[in-house]
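Just the heavy atoms: all of them, side chains too, but no hydrogens, waters or symmetry mates, feed the values below. Here the structure is a predicted model, which is why all the values come from computation and not from measurement.
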Amino acid sequence: MQILVRDNNVDQALRALKKKLQREGVYREMKLRRHFEKPSEKRAREKAAAVRRARKMERKREERDGGK
């Protein structure tokens with residue numbers, strides 16, 4: 001990952017770096033790796049995330065198609 005510093009503006013470059021790290025999910029992964037997570041907990045977390053994604057997609061599809 002590379003961030004260019006323009007006109008010695010380090011603050012702006014730091015904001016851009018933080019935004020890129022956030023978008024890539026680095027902060028979320030760091031938080032998850034802070035403590036050991038049992039495999040069963042990991043499966044449960046990933047399954048819950050998949051359910052949330054599916055519900056969100058269904059809501060968006062209903063909003064787009066239904067339009068009620």
- Item | Heavy-atom side-chain contact between Arg52 and Lys56 under 4.5 Å | no
- Task: Report the distance from atom CG of Asn9 to atom CG of Leu4, rounding to the nearest 0.5 Å.
- Result: 12.5 Å
- Task: Mark yes when over 12 heavy atoms from residues, nucleotides or ligands other than Met1 sit less than 6.0 Å from its CE; otherwise mark no.
- Result: yes
Going by atom type alone, with no hydrogens or angles, which donor-acceptor pairs under 3.5 Å involve a side-chain atom of residues 16-30 and a protein atom two or more places apart or on another chain?
from  : atom 1 : to    : atom 2 : distance (Å)
Lys20 : NZ     : Gln2  : O      : 3.3
Glu29 : OE2    : Arg33 : NE     : 2.9
Glu29 : OE2    : Arg33 : NH2    : 2.9

- Query: Could Glu62 and Arg59 be called an ion pair, given the rule that one side-chain N must be under 4.0 Å from one carboxylate O?
  - Reply: no
- Message: Which heavy atom of Glu37 sits nearest to which heavy atom of Arg45, and what is that distance?
- Response: OE2-NE, 2.9 Å
- Message: So which atom in Ala13 and which in Val5 form the shortest heavy-atom distance, rounded to 0.1 Å?
- Response: CB-CG2, 3.7 Å
